[in-house]
Novice: 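One structure follows; several queries about it will come next.
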Amino acid sequence: MEINIVTVTVGMLNNQCYILSLPGREDCVAIDPGSEPEKIRQACGGKKIAAILLTHGHFDHIGGVDALREADTPVMIHEADAALLASPALNASWMIGQSITARPATRLLHDGEDIEAAGIPFHVIHTPGHTAGSVCYQTGSQLFTGDTLFHGGYGRTDLPGGDDQAMGASLRKIAPLAAKCALYPGH
C-alpha cells in the first residue's frame with residue numbers, strides 16, 4: 001500500500017506532525033497536530049482530516065487538535081494519557097507559561113489494538129516511559145513514534161508521567177520494529 005506522508009514541523013519545540021493519505025482519496029490522517037493548525041491544514045492539500053491520532057498528551061503534540069477537529073473527526077489517544085488533554089499541569093504547558101488544552105478524545109486506545117482511518121490501517125503499540133500513555137503507530141513498514149524516539153535519541157522521562165524503567169522496556173519492545181521500519185519521531 002502506497003501511503004503519502006507529509007511532515008509538517010510546528011511550534012517552538014519543532015514538533016513533527018505527520019499527514020498521511022492514500023492516492024485517490026479525499027481524506028487524510030493527522031498525527032500529533034501540536035500547533036499552527038493553518039499550516040497543518042494547508043499541508044493536507046484540501047483533504048478532509050478523517051482522524052487525529054495522538055502519540056501522547058503533551059502540549060506540543062495536542063495544541064492544534066481543537067482547531068482542526070470537526071464534529072465528526074475522531075480524536076484518538078491511549079487511555080492512560082486521556083487526562084493530559086484537559087490538564088496544563090499534566091501536559092506540561094505550564095512550562096512555557098501557557099494553559100494549552102484540548103477537548104476530550106472520542107476514542108481511547110489500548111495496546112495491540114488495530115484501527116483504521118482514511119483507509120489506512122494502524123497497529124497501536126503502547127510504549128510508556130515518556131508518558132504513561134505514549135504509543136507508537138505502525139502502518140506497513142512505517143513507525144510513528146511520537147516522543148518514544150527522537151531523531152538520534154529517545155524521549156525524556158523527567159516530566160509528569162515519565163518513567164525510566166518503563167522507557168527502557170518500551171525501547172526493547174520496539175527495537176525489532178525500529179530495525180526494519182522507517183521511523184517518524186516526534187522531534
Novice: For Cys181 and Gly140, work out which heavy atoms get closest and say how close.
Specialist: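 Closest approach of Cys181 to Gly140: SG-O, 4.4 Å.
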Novice: How about Lys47 and Asn4: do any of their side-chain heavy atoms sit closer than 4.5 Å?
Specialist: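 Side chain of Lys47 against side chain of Asn4, heavy atoms only: no contact under 4.5 Å found.
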Novice: For the residue pair Asp32 and Thr55, confirm or rule out a side-chain donor-acceptor distance under 3.5 Å.
Specialist: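 A pair is found: one side chain offers a donor N or O, the other an acceptor, under 3.5 Å apart.
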Novice: Is Phe150 atom CZ crowded by more than 12 heavy atoms from other residues, nucleotides or ligands, each under 6.0 Å away?
Specialist: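 Yes, CZ of Phe150 has more than 12 neighbouring heavy atoms, counting only those of other groups under 6.0 Å.
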Novice: How long is the straight-line distance from NE2 of His78 back to CG of Asp111, given to the nearest 0.5 Å?
Specialist: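 Asp111 atom CG to His78 atom NE2 measures 6.5 Å (nearest 0.5 Å).
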Novice: Does His110 have more than 12 heavy atoms from other residues, nucleotides or ligands lying within 6.0 Å of its NE2?
Specialist: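 Yes - once you tally the heavy atoms of other residues, nucleotides and ligands closer than 6.0 Å, there are more than 12.
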Novice: Distance-only, no hydrogens or angles: does the Ser35 side chain make a donor-acceptor pair with backbone N or O of Gly11 under 3.5 Å?
Specialist: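 Present.
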Novice: Is it true that Glu113 and Arg107 have a side-chain N and a carboxylate O under 4.0 angstrom from each other?
Specialist: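 Salt bridge: yes.
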Novice: Do the side-chain N and O atoms of Thr127 and Thr148 include a donor-acceptor pair separated by under 3.5 angstrom?
Specialist: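 Note: Thr127 and Thr148 side chains meet the donor-acceptor criterion.
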Novice: Is the closest side-chain heavy-atom distance between His187 and His61 below 4.5 Å?
Specialist: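 Yes; the side chains approach each other to less than 4.5 Å.
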Novice: Answer whether the closest heavy-atom distance between the side chains of Pro23 and Glu2 falls below 4.5 Å.
Specialist: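 Side chain of Pro23 against side chain of Glu2, heavy atoms only: contact under 4.5 Å found.
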Novice: Would you find a donor on one side and an acceptor on the other, under 3.5 Å apart, between the side chain of Asp81 and the backbone of Gly57?
Specialist: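 Pair found, side chain donor or acceptor close to backbone of Gly57.
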Novice: Within the side chain of Thr157, is there an N or O that forms a donor-acceptor pair under 3.5 Å with the backbone of Gly129?
Specialist: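 Pair absent, no side-chain N/O of Thr157 close to backbone of Gly129.
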Novice: Using every non-hydrogen atom in the two residues, find where Ile100 and Gly63 come nearest and quote the distance to one decimal.
Specialist: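 Between these two residues, the closest heavy atoms are CG2-CA, 3.8 Å.
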Novice: Run the numbers on Leu159 and Met95 for side chain to side chain contact (heavy atoms under 4.5 Å, CB included), then give the verdict.
Specialist: CA-CA 10 Å; Leu159 298 172; Met95 291 177 63; 3.4 Å; yes
Novice: Under 3.5 Å, side chain of Arg25 to main-chain N/O of Ser21, donor-acceptor pair present?
Specialist: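 The answer is no, because no donor-acceptor pair under 3.5 Å joins these two groups.
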Novice: Any side-chain heavy atom of Leu85 sitting closer than 4.5 Å to one from Arg103?
Specialist: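 Contact flag for Leu85/Arg103 side chains = no.
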Novice: Verify, without hydrogens or angle tests, whether Asp163 (side chain) and Thr131 (backbone) share a donor-acceptor contact under 3.5 angstrom.
Specialist: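 Judged by distance alone, no pair lies under 3.5 Å.
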Novice: Check for me, please, whether Ile120 and Tyr137 land in the same ILVMFWY cluster - side-chain distances under 4.5 Å, paths through other members count.
Specialist: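 The answer is yes; both residues are in one hydrophobic cluster.
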Novice: Tell me whether the rings of His130 and His58 are parallel (<30°), tilted (30 to 60°) or perpendicular (>60°).
Specialist: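 Perpendicular: the ring planes of His130 and His58 meet at over 60°.
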Novice: Looking at every heavy atom in both Ala43 and Val6, which two are closest together, and how far apart are they?
Specialist: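 Residues Ala43 and Val6, closest heavy atoms: CB-CG1, 4.1 Å.
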Novice: Does the pair Asp164 and Arg156 meet the rule for a salt bridge (Lys or Arg N to Asp or Glu O under 4.0 Å), with working shown?
Specialist: CA-CA 9 Å; Asp164 287 332; Arg156 57 191 291 186; over 6 Å; no
Novice: Considering non-hydrogen atoms only, spot the tightest contact between Ala118 and Val29 and give its length.
Specialist: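 Looking at all heavy atoms of both residues, the shortest contact is CB-CG2, 3.8 Å.
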Novice: Please tell me if the side chains of Phe122 and Glu116 come closer than 4.5 Å, counting only heavy atoms from C-beta onward.
Specialist: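 When only atoms from C-beta onward are counted, Glu116 and Phe122 do not touch, as no gap falls below 4.5 Å.
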Novice: Nearest 0.5 angstrom please: Arg41 CZ to Cys28 SG, how far?
Specialist: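 Between atom CZ of Arg41 and atom SG of Cys28 there are 9.5 Å.
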Novice: Per the side chain to side chain donor-acceptor pair (under 3.5 Å) rule, which among Thr7, Thr9, Thr145 passes with Gln16?
Specialist: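 Running side chain to side chain donor-acceptor pair (under 3.5 Å) over Thr7, Thr9, Thr145 with Gln16 returns exactly one hit, Thr9.
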Novice: If you take all heavy atoms of Ser134 and His126, which pair is closest and at what distance?
Specialist: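 Where Ser134 meets His126 most closely, the heavy atoms are O-CD2, 3.2 Å.
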Novice: May I ask whether Ile3 and Ile19 are part of the same hydrophobic cluster, defined by side-chain heavy atoms of I, L, V, M, F, W, Y residues being less than 4.5 angstrom apart, directly or through others?
Specialist: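 Unlinked, Ile3 and Ile19 end up in two clusters.
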Novice: Nearest 0.5 Å, what's the OG-CD1 distance between Ser93 and Ile62?
Specialist: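 Answer for the OG-CD1 pair, Ser93 versus Ile62, is 7.0 Å.
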Novice: Quiz question: by atom type and distance under 3.5 Å, do the side chains of His123 and Asp114 form a donor-acceptor pair?
Specialist: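 Yes - a donor-acceptor pair under 3.5 Å links their side chains.
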Novice: Which pair of non-hydrogen atoms, one from Leu177 and one from Leu143, has the smallest distance, and what is that distance?
Specialist: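 Smallest interatomic distance, heavy atoms only, reads CB-CD2, 4.1 Å.
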Novice: Testing Leu109, Leu108, Leu84, Ile52 one by one against Ile77 for a side-chain contact (heavy atoms from CB on, under 4.5 Å), which residue passes?
Specialist: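 The side-chain contact (heavy atoms from CB on, under 4.5 Å) with Ile77 is passed solely by Leu108 among Leu109, Leu108, Leu84, Ile52.
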Novice: Any chance you could measure Leu22, atom CG, to Asp27, atom CG, to the nearest 0.5 Å?
Specialist: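 One finds 8.0 Å between CG of Leu22 and CG of Asp27.
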Novice: Indicate if Ile5 and Leu149 have the same hydrophobic cluster label, given that clusters are the connected sets of ILVMFWY residues with side-chain heavy-atom separations under 4.5 angstrom.
Specialist: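 Ile5 and Leu149: separate clusters.
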Novice: Which of these passes side chain to side chain donor-acceptor pair (under 3.5 Å) with Arg69: Asp72, Asp66, Thr73?
Specialist: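 One option only clears the test, and that one is Asp66.
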Novice: Apply side chain to side chain contact (heavy atoms under 4.5 Å, CB included) to the pair Phe59 and Gln98, showing each step before the final yes or no.
Specialist: CA-CA 9 Å; Phe59 76 92; Gln98 295 185 29; over 6 Å; no
Novice: Do any N or O atoms from the side chain of Ser87 and from the backbone of Ala83 form a donor-acceptor pair under 3.5 angstrom?
Specialist: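 Checked: no pair found.
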Novice: Do Phe144 and Leu183 have side-chain heavy atoms sitting under 4.5 Å apart?
Specialist: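 With C-beta onward as the side chain, the pair stays apart.
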Novice: Give a yes or no on whether the backbone of Pro185 and the side-chain of Tyr18 come within a donor-acceptor separation of less than 3.5 Å.
Specialist: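 Pair found, side chain donor or acceptor close to backbone of Pro185.
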Novice: With a 4.5 Å cut-off on side-chain heavy atoms, are Val135 and Ile125 touching?
Specialist: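 Of all side-chain heavy-atom pairs linking Val135 with Ile125, none is under 4.5 Å.
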Novice: Grouping I, L, V, M, F, W and Y whenever their side-chain heavy atoms are under 4.5 Å apart, do Val10 and Ile31 come out in a common cluster?
Specialist: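 Per the 4.5 Å side-chain linkage, Val10 and Ile31 are not co-clustered.
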Novice: With the side chain counted from C-beta on, respond yes when Gln42 and Val8 share a heavy-atom pair under 4.5 Å apart, and no when they do not.
Specialist: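 Result no, sub-4.5 Å side-chain heavy-atom pair not found.
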Novice: Is there a chain of hydrophobic side chains (I, L, V, M, F, W, Y, each step under 4.5 Å between heavy atoms) that links Leu13 to Tyr154?
Specialist: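 Each belongs to a different hydrophobic cluster.
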